[in-house]
Amino acid sequence: MYPRSPPPTGCPPHSTRGHRRQNDDHSPHALKRQCLSPPPHQHRGSPLIQTPPPLPRPDQEVAGTSRMAHTSFDHSSPSPHSQRYPQVPFIAESTNTLQAYAKDKLSGQMVEVFEACQQQVSDLARKEMCRAQLQRDIQKIFPVSRLYLTGSSMNGLGCRTSDADLCLVFEKSHQHDPINILSFLQRMFKSLSYLESSQLIRAKVPIIKFREKGSGLEFDLNFNNTVGIRNTFLLKSYTCADLRVRPFILVVKKWARHHHINDASKGTLSSYTLVLMVLHYLQTLREPVLPSLQKAFPECFSPSLAIDMVPQAPRHIPPYVSRNQSSLGDLLLGFLKYYATVFSWDKQVISVREARALPKTNSREWRDKYICVEEPFERNNVARAVHEKIKFDAIKAQFVESCRILQQKKDLNFVLPVTDTIATELSKR
């Protein structure tokens, strides 16, 4: 629960109690370089994550639906290229504190994998240096533009080998065709001495893939996919809410990748889908580990909030104090059991926004879909890549099998080889 105190500036008072199940288990129905001064409520101890700057709040556009409002800029402030961008750090819990949830073998193994594989300060610094230089070069041609670092690099869930996701935003971005802008940028990137191997991918969300010369660091740059900025900082707020979230999610992603069920391009689960599945599980325990931040602080996560203000949301969210003190190992076992035996895949929709499972309707978004996971802002299905029954059956079977093995062995090595996982991560640095 949240402490009984006045809400943070800019966020209204709301109920802070997580949803409860009816029994002890589950019920199926139921920019520039970093500024090093941390937000007052966060704990000191690990990597710093850059975010775009606090800006004067512009007039918000009225959102008529749950879909994204167009990006809004504050025209009274200096243009982005003439302004300093102090950064807001993400400070992780110290590993000593994390040890309180890792007194058993399985939990200790999870912490070991997390500590070895998590994104380091040096990894982030490399990404930020390239982002800042690229923003300067883009602003020579498009002065009123901003380049945001998004995805796992920003939300606290990145590994040492994570690619960097970038989102380029213009004023009145909706008036520009993404393919035209990205095609122009691809040609421009060929003239930049620090970039190489740029490639335009004409996907549903088109991107330019490129590498930083020398380091080999890979980037994916999209144009105006602002929902990616919004969900980056929503997830960042969840990772700040409880120190178990980051190691838990990292291990789940490694487990899923090891068992070949974490690749949307091959019809299985995207990393974003897996993250939402973990958050949903943590929200729906009898004693929730996490609340719905969108319900508790709607102004901080409004779909109509000007994009300039989105990165500031985590600064307004106080730490969540959960009565659930389960170990990391117990949470992992519960997660596997929930999706192996409890969750009704054919009848329910995972909703982190509501902190509960919603009934599956006959709408086009959910009809005939094997797995339904709601995107917290756009409310579409982020698990739509799973469109073949054979892939869906393989995913379910892996939850069942890993749950059975882990309940018997209580040793992570039987479902995820710890030493090999760490060695693979470090070998790709």
Side-chain angles (χ1 to χ4, degrees), residues 2 8 16 18 34 38-52 87-95 97-98 100-102 110-111 113-115 117-121 123-124 127 148-160 162 164-165 228-254 270-283 285 288-294 296-297 300-301 310-322 324 326 328 331-332 335 352-353 355 376-377:
Y2 286 110
T16 58
Q34 278 92 273
H41 69 270
Q42 295 188 349
H43 300 263
R44 299 177 183 273
S46 213
L48 298 174
I49 303 291
Q50 66 78 231
T51 68
Q87 303 300 307
V88 180
F90 168 81
I91 306 295
E93 296 279 359
S94 72
T95 53
T97 307
L98 191 57
Y101 298 104
M110 294 175 69
V111 171
V113 171
F114 170 67
E115 290 179 345
C117 297
Q118 67 173 318
Q119 178 176 256
Q120 303 295 310
V121 172
D123 304 323
L124 179 62
K127 297 173 183 178
Y148 292 84
L149 187 59
T150 62
S152 62
S153 298
M154 272 299 302
N155 63 27
L157 299 173
C159 294
R160 304 226 48 189
S162 296
D165 297 314
I229 300 173
R230 296 182 190 278
N231 64 46
T232 291
F233 290 96
L234 175 65
L235 296 190
K236 178 177 175 180
S237 298
Y238 277 115
T239 65
C240 292
D242 190 286
L243 78 166
R244 290 167 288 182
V245 173
R246 294 176 66 223
F248 186 12
I249 289 176
L250 186 146
V251 169
V252 166
K253 290 200 294 185
K254 292 293 186 186
S270 68
S271 292
Y272 184 38
T273 298
L274 279 165
V275 170
L276 294 178
M277 289 172 67
V278 172
L279 296 180
H280 166 75
Y281 163 71
L282 294 175
Q283 289 174 326
L285 291 162
V289 172
L290 296 172
S292 166
L293 293 180
Q294 286 169 285
F297 302 97
C300 295
F301 300 105
V310 169
Q312 304 313 308
R315 302 184 68 186
H316 296 290
I317 309 301
Y320 182 74
V321 182
S322 172
N324 186 322
S326 297
L328 284 166
L331 290 175
L332 179 59
F335 169 77
V352 169
R353 175 180 58 88
F377 294 99

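Owing to the predicted nature of the structure, the values given are computational and were not obtained by experimental measurement.
Checking side-chain atoms of Lys236 against main-chain N and O of Pro311 turns up no donor-acceptor pair under 3.5 Å. A donor-acceptor pair is defined here as one N or O able to donate and one able to accept, closer than 3.5 Å; such a pair exists between the side chain of Ser292 and the backbone of Arg353. Judged by distance alone, the side chain of Thr232 and the main-chain N or O of Gly151 form a donor-acceptor pair under 3.5 Å. With Gln119 contributing its side chain and Ser153 its backbone, the two residues share a donor-acceptor pair below 3.5 Å. Judged by distance alone, with hydrogens and angles left aside, the side-chain atoms of Tyr238 form a donor-acceptor pair with the main-chain N or O of Leu293 at under 3.5 Å.
Rounding to the nearest 0.5 Å places OG of Ser162 at 11.0 Å from CG of Leu124. The structure places OG of Ser152 at 6.5 Å from CG of Asp165, a figure rounded to the nearest 0.5 Å. Rounding to the nearest 0.5 angstrom, the gap separating the CD atom in Glu115 from the CG atom in Leu98 is 7.0 Å. With rounding to the nearest 0.5 angstrom, the CG atom of Leu331 is 9.5 Å from the OH atom of Tyr101.
Checking Ile229, Asn231, Asn155 one by one against Thr150, the side-chain contact (heavy atoms from CB on, under 4.5 Å) holds for a single residue, Ile229. Each of Leu250, Val252, Val251 was scored for a side-chain contact (heavy atoms from CB on, under 4.5 Å) with Lys254, with one residue passing: Leu250.
Phe301 meets the ring pair (Phe, Tyr, Trp, His ring centres under 6.0 Å) test with no other residue; sequence neighbours excluded. With sequence neighbours excluded, the residues forming a side-chain contact (heavy atoms from CB on, under 4.5 Å) with Pro376 are Leu234, Tyr272, Leu276, Gln294, listed by chain and number. Legend: residues meeting side-chain hydrogen bond (donor to acceptor under 3.5 Å, both in side chains) with Thr273, ordered by chain and number and at least two apart, are Ser270.
Side chains of Cys300 and Phe233 form no contact here, defined as non-hydrogen atoms less than 4.5 Å apart.
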For this session: Would you sort out whether Tyr148 and Met154 count as a side chain to side chain contact (heavy atoms under 4.5 Å, CB included), showing the intermediate values?
Result: CA-CA 9 Å; Tyr148 292 84; Met154 272 299 302; over 6 Å; no
For this session: Begin with the C-alpha distance, continue with both residues' side-chain angles, and end with the deciding distance and a verdict on side chain to side chain contact (heavy atoms under 4.5 Å, CB included) for Ile249 and Leu274.
Result: CA-CA 8 Å; Ile249 289 176; Leu274 279 165; over 6 Å; no
For this session: Begin from the C-alpha positions of Val289 and Phe248 and carry the test side chain to side chain contact (heavy atoms under 4.5 Å, CB included) through to its verdict.
Result: CA-CA 12 Å; Val289 172; Phe248 186 12; over 6 Å; no
For this session: Dump the intermediate steps for side chain to side chain contact (heavy atoms under 4.5 Å, CB included) on Leu290 and Ser322, then the final yes or no.
Result: CA-CA 7 Å; Leu290 296 172; Ser322 172; over 6 Å; no
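Closest approach of Arg246 to Phe114, counting heavy atoms only: NH1-CZ, 3.6 Å. In this structure, Gln312 and His316 approach most closely via the heavy-atom pair O-CD2, 3.3 Å. Looking at every heavy atom in both residues, Pro288 comes nearest to Tyr320 through O-CE2, 4.0 Å.
Asn324 and Ser326 form a side-chain donor-acceptor contact under 3.5 Å, judged by distance and modelled atom types alone. With hydrogens and angles left out, the side-chain atoms of Arg160 and Gln118 include no donor and acceptor closer than 3.5 Å. For the 3.5 Å distance criterion, the side chains of Lys253 and Ser271 fail to qualify, holding no donor opposite an acceptor.
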